[in-house]
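Reckoned from all heavy atoms, side chains included, excluding hydrogens, waters and symmetry mates. Positions are given from 1 along the sequence.
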Amino acid sequence: FVITDTVKFNLARLARCLSAKRYPILLQGPTSSGKTTLVSYLAAFAGHKCVRINNHEHTDLQEYMGSYVSNHLGKLVFKEGLLVQAVRNGWWLILDELNLAPSEVLEALNRLLDDNRELIVPETQEVIIPHKNFTLFATQNPPGLYGGRKPLSRAFRNRFLELHVDEIPNKELSLILHKRGGLPPSFCSLMIEVMTALQEVRRGSQIFAGKDGFITTRDLLRWSERKPQSKKDLAEHGYMLLAERLRRPQEREIVNEVLEKVFGVKVNPIKMYERRFNDLSSDIKESNKAFHEISITPTIKRLYVLMQACIATKEPTLLVGNSGVGKTTVCQLLSLSHKIDLKSINCHQYTETADMIGGLRPVRNKDTIISLMVKHAKNIQKMHQSSRSRKLFSFTSATPGEIIENCKAMQEDINGFDNSELFKGDLEETMRNIRDLHKRYLSIFEWQDGPLVQAMRNGDFILLDEISLAEDAVLERLNSVLEPSRTITLAEKGGDDADTVTAVDNFGVFATMNPGGDFGKKELSPALRNRFTEIWVPDISDEKELLTIIRTRLKPNASTSIKFD
C-alpha cells in the first residue's frame, strides 16, 4: 500500500469520519480508485479485524444474519452470519458493491444504521447491541455509469456518512508504479505518458474515452507487475495489454504508434509473437502430443503467448470473439502444457452464484460413508497388534456409532503399548478421519464447494464460458477473486464455517464471451470488465491458416487434396 498525497488526504477524511461517532460510512467512486483498500489499510493500521461481504443481485439476508445448518449430531442449529459475528466481536465490516444488493435486503439493516444501533436476528428474535469497536463501511460505484448499479433510496442513503473517492492523479501513479512494481522511475514516467496520450484518443469503441475509458490504475499495475527489463520489453508488454483488447486494426495501430513514439523502439506484433512462442515451443510440442487435434496456427500462437503472460503474473483473462475462433481451444492447450486440470462453468441467464461457489446440499450416499469408516477402522485394527487384550471386532452390520466406539477402545489399547509412538501420527489422523465421517453421516445438510472454490483450493484453472450471458450483478460476487488478493469469503456457509478461501499459486481464471450485440449478447459492466486482462480474438480469414486447420482435422491417412478456388 503506497501512501501518496491523495491517499493521505482520503485517509484523513476517513479517520475524521470515524472519530466523530460510529456512523456507517459509504465510499463512492470510480472503479480501481482504492475504496476498499483504504478501509483495509486503516483497519490493519489500527489493529482491527476487517471482513468483507461481496454483494450481488441474489444477495440474501441469510448471508448477513446466518441460517440454520445441521451440527455434528444431525440437529438443526442456527449459525450466525458475518454481519452478526462482526457486530458481536467488534470487527470492521465492508459491504462491497452496496448498490448491487436487493433493496429489501438493505432495508433490513435500517435499525442497525440508526442512532439506537440495534441488530435484530429474525430467526432467533435476539436483539444484539453492537460492540463498541464495530464499524460498518460500504463501497459502491456511481449508479448509471456501471451495469447493474441502481440508486439507493434517499431514506437509506441518509443513514450513511458519504465520502467520494476520486481517481488517483497521474503524478502520484508514477510513484505507486515505482514502489509497487519495482520499476525504474524513468520507466514509470514513460508509462504515465503513454496513458495520458491514449486518454486523449477518441474512437468508436470508447475504449480510450478519457476518464470513462478502460485505462485504469489496474492496467498500469498489471503492466508494472510484468517486470519488463528493457524499453523494448516494456513497449511489447504495453502493446499486449493495451492494444490487443481493441477490436479494430486502426485502433491497434494508433496504440502501436503511441508506444513507438514514447519508447523510441519498433514494435512488430507478428515477429514478437513468433519469437516469444518459440521460447515456449517445448511446452507446446509436449502438450500437442496429448492433444493432437489442435492445429498450431498463428492465431493460436498469438493467444498462447498473450495468455501465458497473464498466467505468469496471475492475471484473470477475458477472451472476446465470435464462435469458432479458438477461445476455448487455447484454454485447453494451456491446461495440457502446464499439466493443470481445467474446470469449466457454462454461464447462462439463470446462472446463480451457488453454481460457482457452492451451497448447502442434502447428505447422500450414506452407505459409502459407512464403508469408508469401516476401511479406516480396519487400518486401526491392523495397528492393534495384541489380539490378547481385545477380541477382533466384526464390522458386519455394525452401526457408525459402534464403529467409532470400538475404534476409541482400540486407540486406548494402542496408546498403552510400549511401541505406541510408532503408530501415534497415523493413529491420530485415522481417528480424525473416522470422526469427520461420523459427523458427516449424522448431518442432514453439508456444504459442497462449487467448481470455482474447488479450483481455488486445488490450484486448477477455471473457465467461465460465455460469461456475458450471466447477470453482471451475479458475476460481481467474484470481484475479490479477480483482484490481486485472489480470495473469497463464503458468507453463504454461515457461522463458524464462513471461511475465507485464498487461491493457491497455480490457480488461474479464464473467461470467454461473444461480442455485444451478437444475438442479444451484451458487454460486461466496466467495473467487472477492467478486472480482467481483455484479449480480442478476430475471425480466422487467412486461407493458409484455414487449410492448416482442415488438414489437422482430417484423418492422417486421408489423401484428400484441398484447394481454394
For the student: nearest non-hydrogen atoms of [X] and [Y], plus distance:
{"X": "L463", "Y": "T328", "answer": "CD2-CG2, 3.9 Å"}
{"X": "S485", "Y": "S480", "answer": "OG-O, 3.7 Å"}
{"X": "L318", "Y": "T512", "answer": "CD1-N, 4.4 Å"}

Counting N and O atoms only, with roles assigned by atom type, does the side chain of [X] sit under 3.5 Å from a partner on the main chain of [Y], one being a donor and the other an acceptor?
{"X": "R276", "Y": "L306", "answer": "no"}
{"X": "S337", "Y": "L334", "answer": "yes"}
{"X": "N141", "Y": "G29", "answer": "yes"}
{"X": "K301", "Y": "E274", "answer": "no"}
{"X": "E260", "Y": "V267", "answer": "yes"}
{"X": "S189", "Y": "P185", "answer": "yes"}
{"X": "W223", "Y": "R218", "answer": "no"}
{"X": "T351", "Y": "C347", "answer": "no"}
{"X": "H48", "Y": "A43", "answer": "no"}
{"X": "D355", "Y": "E352", "answer": "yes"}

Got more than 12 heavy atoms from elsewhere within 6.0 Å of [atom1], [X]?
{"X": "K227", "atom1": "NZ", "result": "yes"}
{"X": "R180", "atom1": "CZ", "result": "no"}
{"X": "Y23", "atom1": "OH", "result": "no"}
{"X": "K343", "atom1": "NZ", "result": "yes"}

Query raised in the report: Would a line drawn from the ring center of F510 to the ring center of F461 be shorter than 6.0 Å?
Result: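 Yes: the rings meet the under 6.0 Å criterion.
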Does a donor on one side chain sit under 3.5 Å from an acceptor on the other, for [X] and [Y]?
{"X": "E225", "Y": "H237", "result": "no"}
{"X": "T59", "Y": "Y64", "result": "no"}
{"X": "Y273", "Y": "N268", "result": "no"}
{"X": "T533", "Y": "T317", "result": "no"}
{"X": "H348", "Y": "N346", "result": "no"}
{"X": "N322", "Y": "D539", "result": "yes"}
{"X": "S33", "Y": "E167", "result": "no"}

Report task. Any chance you could measure S224, atom OG, to F187, atom CZ, to the nearest 0.5 Å? Result ->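 Answer for the OG-CZ pair, S224 versus F187, is 12.5 Å.
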Under 4.0 Å between a Lys/Arg side-chain N and an Asp/Glu carboxylate O for [X] and [Y]?
{"X": "R247", "Y": "E534", "result": "yes"}
{"X": "D96", "Y": "R477", "result": "no"}
{"X": "R248", "Y": "E253", "result": "no"}

**Report entry** By salt bridge (Lys or Arg N to Asp or Glu O under 4.0 Å) - contacts of R486 (at least two apart)
**Finding:**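 With sequence neighbours excluded, R486 shows a salt bridge (Lys or Arg N to Asp or Glu O under 4.0 Å) to no residue whatsoever.
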Query - Pairs touching residues 303-323 that satisfy salt bridge (charged side-chain N to carboxylate O under 4.0 Å, His left out), sequence neighbours left out - result: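 Listed once each, the pairs are R226-E315, K314-D505.
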Query raised in the report: Could you go step by step and tell me if V51 and I94 meet the side-chain contact (heavy atoms from CB on, under 4.5 Å) rule?
Result: CA-CA 6 Å; V51 292; I94 304 174; over 6 Å; no
